[in-house]
Structure formats: structure tokens, C-alpha cells
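As C-alpha cells, the structure follows; a few thoughts come after it.
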Amino acid sequence: MPNPSASPAADTAGMGFSGYQKFVVAVLAFLQFTIVLDFMLLAPLGAIVTPALKITPGQFGDVVSAYAFAAGVSGIAAAGFADRFDRKKLLLVFYTGFMIGTLCCALSHSYVALLLARMVTGLFAGVVGAASMAIVTDLFPLSMRGRVMGFIQSAFAASTVLGLPLALVLSSHWGWNSPFFMVVAVCSVVGVAIFSRLRPVNAHLALQPDRHPLHHLSHTLRERSYLIGFVTTAMLTIGGFLLMPYSTLFIVHNIGIPVEQLSVVYLITGLVSAIMGPLIGRASDAFGKFRVFVFGCAATIVMVLIYTRLSNVGLWMLIVVSALLQIGIFSRMISSSALMSALPKPADRGAYMSISSSLQQMSGGLAAMLGGMVVMQASDGRLLHFDVLGDVLVCTTLLSLVLMYFVNRRVGGAMVSSASDLNGKAGQES
């Protein structure tokens, strides 16, 4: 008789992916690549877009922020409905909308058209990411999610290493809108693969009580075990976005790296992230997700304190520090994503992921605003108080570590409770 206390997750610990699971991981990684690339495209194209559409820097800022604001709103709006449909169908509908919005961006020839197109794209993108994470949680046990998150999160690095350089080359030869056509082309291939090969993901429908969407949203927001996950997500995102908007200015004006060498910094650090992502995911499954998160927090704190105080160092010293910082950040991202995916119940996963996605967008915007209130630019271009941002990031990292400790306890307690239920049922049957 098999051991009734062994959970499905425990049974699959250490096992490799099946052929279908490899397909799911690959297609979701490519999907994430398109979402991240579309989000990141506009910022480096600013010098080309503003004169081409005859818009002001302020209007360009509105275009960039419109995407994040729309994505944040859509995540909350869709949360009540996210668990009422087959996740494959939900993903296809919103990914199609995202693709149409990106196509509208490529076809825009005025400020108003581009602003509306970015809002449409953000509205659909905010739900696509949440639906894909819910699919991961439905299809993969907790013991495998570190590896899955490692591959999917590597899409961030791939968009930097492969996507952005290619987009800049395309824009320099065929205009600022050509990279958006490229994203649409990749989306078409990914969409066909999802439609033709991804199986329905609808087991949660049997668990879903007949709730009104607003009631389902309210229930998810009020669930005590979910609230700590939402707060942790906000802290992690705020910390992650504090430095990002100002890093390029800091590298050029404070560290003294020429603009022409920035691509080398981003290329090498991106490659390191792409290589380390799957390895960090495997370590999360092998050694424990919370342990890897603790390591990531420690590495992040040390490297942030060093990075934000650099001044007039060589290119390779900057690359080494940046790469080590990326390893710390990725260790936090991958392990926390895998661990917090175990918080929501199957019937609430879509709503939980949608709210988390919305929180990420809004927290990122809040972090950028807070950073702008702290840093100042001197007359010679140097950033002042950038080290203060680093100190704030250290504080948010320590707070997220405390919060993640309680998340880990809740997840562990839920797994013990589930195992006890299985033992009880097995005892009754025997």
C-alpha cells in the first residue's frame, strides 16, 4: 500500500519535466518574453519616438506610464472573473487583445493614437501575466515550480540580451515602429502554439463555488492568508524599481562609463541572468525556496550597498558588481514567485494572481515616484542621494525577508494540514 502521507508534490520532487511540461514551460517563457519586451521597448526608443511623432518629453512620459496604469487597473477588474473560465481560453483572449494593442502601437502616427494604443496594450497585458502564472501553479507541483519560474523569469534577461538590441537595430533601419511589428510576429507564433497544443486548464472550475465576480474579488482581497502575499509582493516590487529608472544616469555621470559602453554592461549582465535563472530555480527546488530567498536578500543587500556608492571605477569592475547584484535580485524573484504561488487555493488562483499583477504595476510606479523625490541631478549631471535609494532598498529587502518568513510558515502549515487530511482519509478507508 502506498504511503498516504506522501503528497503529489513530494512524489515529483527531483523528477525531470515530461515532454508536455517542457512545451508548457517553453511557450510560457516565450509569452513572457513578448510581454516584457513590449513593456521595455518604448523607453530606449524615446529619442526616436519624440521627434517622429512631434511630442514633448512630458507627453512621452504619459505614454510610458499609461501602460503601467492600465495594466494595474485591469488586474483588479479581471480578478473577479479570472477563476470562472478555462485558463487557456482566458489566456488566448487576453493575449490576442495584447497583440492587437501592440499592432495599434506600430500603426500609431500621433500622440493620442499612441497613448490609447499603450492603454489598450496594458489593459490586456496585465491579465496575460496573471493567467500564465495561474497555469504554472495549476500544472506544476510546488516541488517543481522553482525550476519553472527560473526558466520563465529568464525571459526578463532574454529581452535585454536579445530583444532590445534587435529592436534598436530594427528601429534605426526601418523606423521606431518596426520593433512593435516584430513583437506582433512573435506573438502570432506563440498564440498559434498555445491554441494548437496547450490542453485545457479547467480543473479549478469544479472547485469554484457559485460566487458573483464582485464577491469573489472581495473574498480574495479579505482572505487573511493572501494579504501577507500581497504586501510581500508590493515590498519586493518597490525595492526592485527604486534603482532601475536612474541606473543609466548613475552609470554614465557618477561612475564615468561612456554611453557607448552601456550596451556591453547590459549585454553581459543580461547573459549572466539568463544563465543563472534556471540554475537558481533548480537550487530553489533542491535546497528550499525560503533558503534561496534568504541568500538572495543577503546578496542583494551587500551588492546594493556597494553598487550605489561606486564612483569612477572601470568597466569590468562595474560589470562584476552589476552581475552579482543581478544574481541576488534573481534569487529573490524566482524563489519568492515559486513560494508565494502556493498561497492561493486552486479556486482562487486566477484572482490572486491578477491582484498580485496589479500590485506589481502600481508598486513599480510608486517606487519610481519615490525615487524621483529622493534623487537630484547636479549641474554637472551627477546624481545626488542615489546611495539613499540604496539604503531604502535595503530596508524594503529586510522587511520582505520578515514577511517571507511568515509566508513560508503558512505554506508549510498548509502542506502539513493537507498531508494530515490525506492520512485521515486513508485511515478511514483502511
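Being a predicted model, the structure only gives us computed values, none of them experimental.
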Is the backbone of [Y] close enough, under 3.5 Å, to the side chain of [X] for a donor and an acceptor to pair up by distance?
{"X": "Asn177", "Y": "Ala106", "value": "yes"}
{"X": "Ser132", "Y": "Gly129", "value": "yes"}
{"X": "Asp285", "Y": "Gly146", "value": "yes"}
{"X": "Ser358", "Y": "Gly75", "value": "no"}
{"X": "Asp86", "Y": "Pro200", "value": "no"}

Side chain to side chain donor-acceptor pair (under 3.5 Å) partners of residues 332-342, not counting sequence neighbours, each pair once |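 Applying side chain to side chain donor-acceptor pair (under 3.5 Å) to every pair that reaches into residues 332-342, excluding sequence neighbours, yields Arg145-Ser341, Gln153-Ser337, Arg332-Thr397.
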Does [atom1] in [X] sit with more than 12 non-hydrogen atoms of other residues, nucleotides or ligands closer than 6.0 Å?
{"X": "Met119", "atom1": "CE", "value": "no"}
{"X": "Phe69", "atom1": "CZ", "value": "no"}
{"X": "Phe140", "atom1": "CZ", "value": "yes"}

Could you tell me which non-hydrogen atom of [X] sits nearest to which non-hydrogen atom of [Y], and how far apart they are?
{"X": "Thr121", "Y": "Tyr67", "value": "CG2-CE1, 3.7 Å"}
{"X": "Ser357", "Y": "Ala130", "value": "CB-CB, 4.2 Å"}
{"X": "Ser108", "Y": "Trp176", "value": "O-CZ2, 3.4 Å"}
{"X": "Thr232", "Y": "Ser400", "value": "CG2-O, 4.4 Å"}
{"X": "Met99", "Y": "Cys187", "value": "SD-CB, 3.6 Å"}
{"X": "Leu139", "Y": "Gln21", "value": "O-NE2, 4.1 Å"}

Regarding Ser273 and Gln326, is there a side-chain donor-to-acceptor distance under 3.5 Å anywhere?
-> yes
Is there a donor in the side chain of Thr102 and an acceptor in the side chain of Asp38, or the other way round, less than 3.5 Å apart?
->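 Per modelled atom types, Thr102 and Asp38 side chains form a pair under 3.5 Å.
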With heavy-atom distances below 4.5 Å as the criterion, would you say the side chains of [X] and [Y] are in contact?
{"X": "Tyr307", "Y": "Ile251", "value": "yes"}
{"X": "Met376", "Y": "His385", "value": "yes"}
{"X": "Leu343", "Y": "Phe230", "value": "no"}
{"X": "Tyr20", "Y": "Val25", "value": "no"}
{"X": "Phe17", "Y": "Arg147", "value": "yes"}
{"X": "Val392", "Y": "Leu242", "value": "yes"}
{"X": "Leu28", "Y": "Phe33", "value": "no"}
{"X": "Ile238", "Y": "Met235", "value": "yes"}

Can you label the angle between the Tyr352 ring and the Tyr226 ring as parallel, tilted or perpendicular, going by 30° and 60°?
-> perpendicular
Kindly compute the distance separating [atom1] ([X]) from [atom2] ([Y]), expressed to the nearest 0.5 Å.
{"X": "Leu393", "Y": "Leu398", "atom1": "CG", "atom2": "CG", "answer": "10.0 Å"}
{"X": "Thr300", "Y": "Leu305", "atom1": "OG1", "atom2": "CG", "answer": "10.5 Å"}
{"X": "Asp348", "Y": "Lys345", "atom1": "CG", "atom2": "NZ", "answer": "6.5 Å"}
{"X": "Ile228", "Y": "Glu223", "atom1": "CD1", "atom2": "CD", "answer": "12.5 Å"}
{"X": "Leu325", "Y": "Thr269", "atom1": "CG", "atom2": "OG1", "answer": "9.5 Å"}
{"X": "Asp387", "Y": "Leu310", "atom1": "CG", "atom2": "CG", "answer": "11.5 Å"}

Met303 vs Ile327, side-chain contact (heavy atoms from CB on, under 4.5 Å): CA-CA, chis, key distance, verdict = CA-CA 10 Å; Met303 299 316 300; Ile327 291 173; over 6 Å; no
Chi angles and distances behind the side-chain hydrogen bond (donor to acceptor under 3.5 Å, both in side chains) call for Tyr95, Thr34 | CA-CA 10 Å; Tyr95 197 53; Thr34 59; 2.9 Å; yes
So Asn202 and Arg87, side-chain contact (heavy atoms from CB on, under 4.5 Å) or not? Walk me through it.
-> CA-CA 6 Å; Asn202 53 14; Arg87 302 206 199 281; over 6 Å; no
Any chance the rings of Phe287 and Phe295 have centres within less than 6.0 Å?
->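 No, the ring centres sit 6.0 Å or more apart.
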Can you check side-chain contact (heavy atoms from CB on, under 4.5 Å) on Thr237 and Leu359, steps first, answer last?
-> CA-CA 8 Å; Thr237 308; Leu359 278 174; over 6 Å; no
Stepwise, does the side-chain contact (heavy atoms from CB on, under 4.5 Å) test hold for Ile329 with Met333?
-> CA-CA 6 Å; Ile329 292 172; Met333 286 174 54; 3.9 Å; yes
